[in-house]
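Here the structure is laid out as structure tokens; the discussion comes afterwards.
Predicted model, so just to flag it, every value in this text is computed and none were measured. Letters go in sequence order (proteins before strands), and every chain restarts at 1. Only this structure's heavy atoms are used, side chains among them; waters, hydrogens and symmetry mates stay out.
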Amino acid sequence: MSISLSDIANLAKRRGFIFLSGEIYGGIAGFYDYGPIGFGIKRRILDDWWWFFVSSRDDVYGISPAIITSPKVWVASGHVDEFIDILVECARCKSRFKAETLLEEAGIKIQDFSMESVKNAIKNNNIKCPKCGGELSEPRCFNLMIEAHVGAVKDESSVVYLRPEIAQGMFTNFKLISAIVGARLPFGIASYGKVFRNEISPRGFIFRLREFEIAEIEYFIDPNEQNNCALFSEVENIEVKIWTKEEQKRELEPKERTIGEAFNEGIFSNMWHAYWAGKAVEWLISIGIKPEHLRLREHLETELAHYAKQTFDIEYYFPYLGWKEIVGIANRTDYDLRRHTNMSGEKLYLTKNGKEFYPYCIEPSFGIDRIFLAIITEAYTVRDGKIVLRLHPKVAPYDVAILPLLKKPKFIAKAKEINTMLKLERFATYIDFSGKIGKAYAKIDEIGIPFAITIDHKTFEDNTVTIRFRDTKNQIRIQVSELAKKLRELKYNYIMQ
RNA sequence: GCGCCGGUAGUCUAGUGGUAGGAUGCCGGCCUGCCAAGCCGGUGGCGCGGGUUCGAAUCCCGCCCGGCGCACCA
């Protein structure tokens, strides 16, 4: 029996993972609130991401740029031009078209894509609906960036944009950061946070959102050293399905390759691009995604973003949605630093042997909410008609549950004592003495807590408790004094099945 | 944004014009004492707004939200 999106949404609602935002007023499409369990999991994902890509490394620096910044940033980045679509609608069949595509197909070239010139071009060339031949409506502007206003007066000069990506915060701070940290190439700047895109129709539970969390690294390399990656041995042997654009065009299946093989085949735009694709896959697997549910898919030329030379999506196989993007790894070249240098006048380039040059940039960009959904989907299993969420302990909402076998004062007191002890050891504990033990086990299985400590009669004889394993229901008995050590061992040596 | 379908306790669901019912969850009690046992009691609902009608969960209109298809997804 395969799981559906509504199974996931149902669990999410029932157990406090995630809810439609403002639901008491009917909600708002594309915006969701994370509840206690969901945010517990999401925070663990973000923490582990930060550890893997920032804290555990010496070459990546973490920052936190503002969500709203100078609107000029978005002009320079190309988002003001590229992120705005002018749409026309057929008055008869109601189909909508991008004005740009429509004019292109009609072989008409116009200099500027202002509303006026699009309107005139359509009128003067008597362009009709390509589907039904009907009359086209007035062009309308659809901006994928969400606008806001700052200051007391709400006019054109007060317009700001909610960031549609974090990357620009890394580029605009490039000079300051590289000077402060004394960074030498190659090095990266990383961040995570909320971004906003005015999607036309958000769909698929939390799959397409208007406000979502992205974690990004902008990794800067010397354009003359693109194929000199000293860290390549870290990823060389990682195996993953890779689907090149040629294979897609020729309708061939994706092929299993190691990152090393793929690089040697010339599939990646450079060695660092291959390296970061490998690291992204490595991380996803380390938090519980099965390798067979992942693949790297190269963007076709028509899909490439305005800034990208080559992009690979890491796609995850959602049983109810098919293969969908959860991570993108783009080679942005020197596009952004060059644009910002030209627009701002600041020198966002480096000097080597007296020669000025722009670093190239490889950008791994992680859609955290989609990864959250993938992790929940991956973990969702049914045992004896009950849901067991087999999350990796690293991303479980709590480390351990503490349950008294009986709801008697001395059992509860002992549970509280152990709870306090483990909290002092920095475990995220979950204590529950509200119901019966079987019911408590079922509940913690559903929210994915990997281990449960049970206080039973024997506890009062010899100060031992049992640790019960979510995945097997097996129990082991252990001295209370050994608990912290054992739990730490279990958490970090956990092997996904 | 267009088209089709839908929206009843936290969740699942019965109810097609006449007193909203059940299951589950949640809270309390009894009992039991290691994997959602049982019994008793309690809590909680017709997405929002307008209209038709003596009377609307039910019919009509608008909106909001969701699902599917199209379009969109740099």
Side-chain angles (χ1 to χ4, degrees), chain A residues 4-7 9-16 19-32 35 74 77-85 87-98 100-101 130-131 137 140 142-145 164-165 167 195 197-205 207-210 212 299 302-308 311 313 320-321 324-325 328 330 332 365 367 383-388 401 403-408 411 434-446 452-458 465-466 468-470 472-475 477:
Chain A
S4 70
L5 189 53
S6 60
D7 292 334
N10 196 302
L11 174 69
K13 185 81 181 289
R14 200 157 41 80
R15 288 299 187 197
F19 324 97
L20 189 60
S21 189
E23 209 180 4
I24 59 167
Y25 294 105
I28 175 164
F31 298 89
Y32 279 83
W74 305 110
S77 71
H79 285 83
V80 168
D81 290 333
E82 301 286 339
F83 228 68
I84 292 176
D85 287 334
L87 299 177
V88 288
E89 194 177 277
C90 171
R92 196 195 296 168
C93 74
K94 304 289 178 196
S95 302
R96 300 178 103 206
F97 307 93
K98 275 174 88 165
E100 200 179 338
T101 324
K131 268 196 183 162
S137 68
R140 275 193 292 173
F142 192 85
N143 190 347
L144 280 98
M145 285 197 287
E165 62 168 26
V195 300
R197 295 181 194 180
N198 199 6
E199 298 286 352
I200 297 172
S201 70
R203 285 249 179 116
F205 187 39
F207 190 78
R208 177 163 301 144
L209 296 168
R210 288 182 168 136
F212 55 104
H299 275 203
T302 50
E303 293 177 88
L304 283 175
H306 60 275
Y307 50 70
T311 299
D313 282 346
Y320 41 83
L321 293 172
K324 294 286 180 184
E325 175 194 4
R332 295 179 79 128
S365 174
R383 178 175 66 203
D384 305 329
K386 286 170 283 188
I387 297 164
V388 181
L403 312 171
L405 181 63
L406 304 182
K407 220 179 352 173
K408 288 182 178 164
F411 285 80
S434 62
K436 290 164 185 135
I437 194 77
K439 213 166 174 179
Y441 287 147
K443 180 172 177 181
I444 63 170
D445 284 347
E446 272 198 343
I453 293 163
T454 307
I455 289 99
D456 60 12
H457 292 101
K458 205 156 184 291
V465 291
T466 64
R468 180 257 192 196
F469 299 91
R470 174 196 65 202
T472 58
K473 294 162 64 175
N474 290 341
Q475 284 179 304
R477 186 163 284 279

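- Using a 4.0 Å cut-off between charged side-chain N and carboxylate O, A:D445 and A:R383 make a salt bridge.
- Here the P atom of nucleotide B:G66 and the CZ atom of A:F19 are 16 Å apart, to the nearest Å.
- One atom, CD1 of A:I28, and another, P of B:C64, lie 10 Å apart when rounded to the nearest Å.
- In this structure, B:C2 and B:G69 make a Watson-Crick or G-U wobble pair, each of the two defining distances being under 3.5 angstrom.
- Both A:G27 and A:K13 lie near RNA chain B, and the one whose nearest nucleotide falls closer to the 5' end is A:K13.
- With sequence neighbours excluded, the residues that form a side chain to side chain contact (heavy atoms under 4.5 Å, CB included) with A:L20 are A:E23, A:Y32.
- If you take CZ of A:F205 and P of B:U11, they are 12 Å apart, rounded to a whole angstrom.
- To the nearest whole angstrom, the two P atoms, one in B:U58 and one in B:G50, are 14 Å apart.
- Side-chain atoms of A:D456 come within 3.5 Å of backbone atoms of A:K458 as a donor-acceptor pair (strictly under, hydrogens ignored).
- Across all strands shown, B:G45 forms no Watson-Crick or G-U wobble pair with both distances under 3.5 Å.
- A distance-only check finds no donor-acceptor pair linking the side chain of A:R208 to the backbone of A:E199 [under 3.5 Å].
- Side-chain contact between A:I437 and A:T454 is present, with at least one heavy-atom pair separated by less than 4.5 Å.
- Distance A:R210 CZ to B:G66 C1': 13 Å, rounded to the nearest Å.
- The separation between A:E199 atom CD and B:A71 atom P is 16 Å, rounded to whole Å.
- Atom CG in A:L144 sits about 13 Å away from atom P in B:G1, given to the nearest Å.
- Base pairing of B:C30 is made with B:G38, judged by Watson-Crick or G-U wobble geometry with both donor-acceptor distances under 3.5 Å.
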At under 4.0 Å between heavy atoms, which parts of nucleotides 31-39 of chain B does protein reach? Answer with one letter per nucleotide, 5' to 3': B base, S sugar-phosphate only, - none.
--BBBBBB-
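- Here A:F31 pairs with nothing under the ring pair (Phe, Tyr, Trp, His ring centres under 6.0 Å) rule; sequence neighbours left out.
- A gap of 31 Å separates the P atoms of B:C26 and B:U16, to the nearest Å.
- Smallest separation of non-hydrogen atoms from A:G35 and A:F19: CA-CE1, 3.6 Å.
- Distance, A:Y320 OH to B:G66 C1': 16 Å, rounded to whole Å.
- Here B:A9 presents its P atom at 10 Å from CD of A:E23, a figure rounded to the nearest Å.
- Every residue two or more places apart in sequence or in another chain that forms a ring pair (Phe, Tyr, Trp, His ring centres under 6.0 Å) with A:F411 is listed here: A:H457, A:F460.
- In terms of the side chain to side chain contact (heavy atoms under 4.5 Å, CB included) criterion, residue partners of A:S365 (sequence neighbours excluded) are, by chain and number, A:I214, A:E216, A:E363.
- Between A:R15 and A:E446, at least one side-chain nitrogen of the basic residue sits less than 4.0 Å from a carboxylate oxygen of the acidic one, meeting the salt-bridge criterion.
- Base pairing analysis places B:U53 opposite nothing; no Watson-Crick or G-U wobble pair with both distances below 3.5 Å involves it.
- B:U16: no Watson-Crick or G-U partner with both key distances under 3.5 Å is found in any strand.
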Atom pairs under 3.5 Å: protein N/O with N/O of nucleotides 42-47 of chain B:
none

